[in-house]
2 protein chains.
Amino acid sequence: MNNFDIEDFTPYLLNRAAEQASLRFQAQYRDTYGMLRTEWRVLFHLGRFGEMTARSICDRAGTHKTKVSRAVAALERKRFLKRIPDDQDKRCETLQLTRAGKTTFYKLLAEAQRHDAALLASYSQDERALLRRFLLRVAEISRA
Amino acid sequence: MNNFDIEDFTPYLLNRAAEQASLRFQAQYRDTYGMLRTEWRVLFHLGRFGEMTARSICDRAGTHKTKVSRAVAALERKRFLKRIPDDQDKRCETLQLTRAGKTTFYKLLAEAQRHDAALLASYSQDERALLRRFLLRVAEISRA
DNA sequence: GAATATTGGTTGCTTTTGTAACTATCAAGC
DNA sequence: GCTTGATAGTTACAAAAGCAACCAATATTC
């Protein structure tokens with residue numbers, strides 16, 4: 001028997017931290033817009049990177065295509081995005097935020113920044129950089 | 001428009017990191033024992049802290065009681081734990097790992113340590129301490 | 001250029017989670 | 001000691017996620 005504790009198990013800590021951090025922000029998109037997490041992510045991607053295809057969102061966000069598909073459908077019902085058919089490749093459709101979608105995106109973006117700032121408030125620039133590098137690496141968001 | 005990117009949003013990074021970190025370890029308990037994450041957590045708590053009540057696991061693990069209830073039922077079916085009725089308070093039952101439960105716990109514990117070591121391999125003691133403090137704090141596992 | 005494989009995306013079904021209501025027991029107030 | 005309120009735990013139902021099969025369009029291969 002050694003003294004390895006559940007709180008020494010990084011995946012456990014990551015899970016609990018992720019849960020808490022998301023939970024608190026969730027109220028922003030859920031209570032006001034009835035949005036699910038994947039919907040918020042899709043909205044963010046479209047708001048941040050402009051129009052793109054569902055496939056690209058899957059790749060960028062590391063999300064399964066069924067989740068994205070349903071999120072897109074939900075956002076469409078909410079009139080937050082519209083689908084533009086692609087003449088070159090009729091399988092694809094380019095997704096584009098509507099005015100309402102953009103408005104919502106900007107509002108949530110501001111909240112997100114506030115939330116993020118609060119989470120990192122007590123850490124120095126160096127520490128933040130370390131945390132970010134660690135999370136990116138574990139998440140295998142290589143970007144390098 | 002500012003340059004706040006999705007990868008600057010800590011809850012997002014936390015989620016993806018947590019997903020990846022858990023995913024890779026999941027094979028250990030899922031493929032071999034058909035266990036779910038909550039089952040593994042309950043097993044860990046009982047293995048680490050000895051017999052305890054479902055309620056205590058809920059508190060310690062920050063898990064909802066229905067999830068724990070189902071995990072306990074599943075572990076019982078697998079003959080990894082047994083329930084000891086409490087004579088003082090007939091509502092409670094003390095949960096206790098069986099021999100098979102303990103064996104499995106020790107095997108998974110070793111895997112968990114290996115997995116954790118791999119995750120943190122390239123970080124110094126100071127860096128690890130920072131990461132841990134950060135995650136504990138965000139997860140609101142105060143312990144202080 | 002017909003047959004096959006691949007890709008973008010959706011749908012249906014199953015498993016898992018979340019929520020609320022419920023049972024049974026215990027504790028407090030009166 | 002009876003009513004009211006809390007507490008441990010389960011169960012039933014609804015929401016969400018995961019997985020596999022599917023459709024339609026495009027690439028590839030021969």
Side-chain angles (χ1 to χ4, degrees), chain A residues 15-16 18-20 22-24 26-27 29-31 33-42 45-46 51-78 81-96, chain B residues 12 15-16 18-20 22-24 26-27 29-31 33-43 45-46 51-78 81-96:
Chain A
N15 264 297
R16 294 208 47 187
E19 244 167 62
Q20 282 305 314
S22 298
L23 204 64
R24 281 183 293 238
Q26 195 179 338
Y29 53 77
R30 197 196 51 187
D31 299 347
Y33 304 102
M35 281 171 65
L36 253 30
R37 192 183 307 172
T38 311
E39 293 173 51
W40 147 243
R41 278 196 198 169
V42 168
H45 275 83
L46 291 173
E51 33 175 80
M52 61 196 303
T53 174
R55 182 76 220 288
S56 319
I57 299 179
C58 293
D59 290 347
R60 274 186 174 275
T63 310
H64 195 270
K65 57 183 182 170
T66 60
K67 266 169 100 173
V68 170
S69 171
R70 290 192 250 249
V72 166
L75 289 171
E76 193 184 24
R77 273 195 299 279
K78 293 184 178 77
L81 65 75
K82 51 181 189 291
R83 308 175 191 242
I84 316 282
D86 184 331
D87 292 333
Q88 260 64 49
D89 187 339
K90 280 167 196 162
R91 288 170 304 180
C92 312
E93 17 192 31
T94 306
L95 305 169
Q96 195 175 66
Chain B
Y12 173 78
N15 264 298
R16 295 208 46 186
E19 243 167 62
Q20 282 305 314
S22 299
L23 203 64
R24 282 182 293 238
Q26 196 180 335
Y29 52 78
R30 197 196 50 187
D31 298 348
Y33 304 102
M35 282 170 65
L36 253 31
R37 193 183 307 172
T38 311
E39 294 174 50
W40 147 243
R41 279 196 197 169
V42 168
L43 185 79
H45 275 82
L46 290 173
E51 33 175 80
M52 60 197 302
T53 174
R55 181 78 220 287
S56 319
I57 299 179
C58 292
D59 290 346
R60 273 185 175 276
T63 311
H64 196 269
K65 58 183 182 170
T66 59
K67 265 170 104 172
V68 171
S69 171
R70 290 191 255 246
V72 167
L75 290 171
E76 194 184 23
R77 272 194 300 279
K78 294 185 178 75
L81 65 76
K82 51 181 189 290
R83 308 174 191 244
I84 315 283
D86 183 332
D87 292 332
Q88 260 65 46
D89 187 338
K90 281 167 194 161
R91 289 170 303 179
C92 314
E93 19 191 30
T94 304
L95 305 169
Q96 196 175 64

Distance, rounded to the nearest Å, where Glu39(A) contributes CD and dA15(D) contributes P: 14 Å

Gap between atom CZ of Arg16(A) and atom OG1 of Thr63(B) - 0.5 Å precision: 6.5 Å

Validation row: Arg83(A), Leu95(A) side chains within 4.5 angstrom (heavy atoms): yes

CA sep, side-chain torsions, deciding dist, call: Tyr29(A), Arg37(A), side chain to side chain contact (heavy atoms under 4.5 Å, CB included): CA-CA 8 Å; Tyr29(A) 53 77; Arg37(A) 192 183 307 172; 3.5 Å; yes

Inter-end axis angle, the helix from dG1(C)-dC30(D) to dC30(C)-dG1(D), with every axis fitted to five base pairs (rounded, 10 degrees): 20°

Side chains of Met52(A) and Leu46(A) in contact at under 4.5 Å (non-hydrogen atoms): yes

Gap between atoms CD and P, on Glu93(A) and dA25(D) respectively (whole Å): 12 Å

Whole-Å distance separating the NE2 atom of His64(B) from the C1' atom of dG9(D): 11 Å

Separation between CZ of Arg41(A) and CD1 of Ile57(A), rounded to the nearest 0.5 Å: 12.0 Å

Nearest-nucleotide comparison on DNA chain D, the residue closer to the 5′ end among Thr66(A) and Val68(B): Val68(B)

5′-ward residue of the pair Thr38(B)/Thr53(A) relative to DNA chain C: Thr53(A)

Spacing of CD belonging to Glu39(B) relative to NZ belonging to Lys78(B), to within rounding of 0.5 Å: 3.5 Å

Side chain to side chain contact (heavy atoms under 4.5 Å, CB included) between Arg55(A) and Val68(A), intermediate numbers included: CA-CA 9 Å; Arg55(A) 182 76 220 288; Val68(A) 170; over 6 Å; no

Between P of dT23(C) and NZ of Lys65(B), the distance in whole Å: 14 Å

Heavy-atom side-chain proximity of Thr53(B) to Glu93(B) below 4.5 angstrom: no

Gap between atoms CZ and C1', on Arg77(A) and dT10(C) respectively (whole Å): 13 Å

Donor-acceptor under 3.5 Å (Ser69(A) side chain, Lys65(A) main chain): no

Short side-chain N/O contact to dG18(D) OP1/OP2 from Lys67(A), under 4.0 Å: yes

Spacing of Arg55(A) atom CZ relative to dG8(C) atom P, expressed in whole Å: 4 Å

Short side-chain N/O contact from Ser69(B) to OP1 or OP2 of dT10(D), under 4.0 Å: yes

Side chain Arg30(A) and base dG18(C) donor-acceptor under 3.5 Å: no

Distance (rounded to the nearest 0.5 Å) between Thr94(B) OG1 and Lys82(B) NZ: 11.5 Å

Gln26(B) CD - dT16(C) C1' separation (whole Å): 12 Å

Donor-acceptor pair present, Arg70(B) side chain and dG18(C) base, under 3.5 Å: yes

Residue-phosphate contact under 4.0 Å: Arg83(A) side-chain N/O, dG8(C) OP1/OP2: no

Interatomic distance where CG belongs to Leu95(A) and C1' belongs to dT10(C) [whole Å]: 14 Å

Could you write out each protein N or O paired with an N or O of nucleotides 26-29 of chain C at a distance under 3.5 Å?
| from | atom 1 | to | atom 2 | distance (Å) |
| --- | --- | --- | --- | --- |
| dC26(C) | OP1 | Gln88(B) | O | 3.4 |
| dC26(C) | OP1 | Lys90(B) | N | 2.7 |

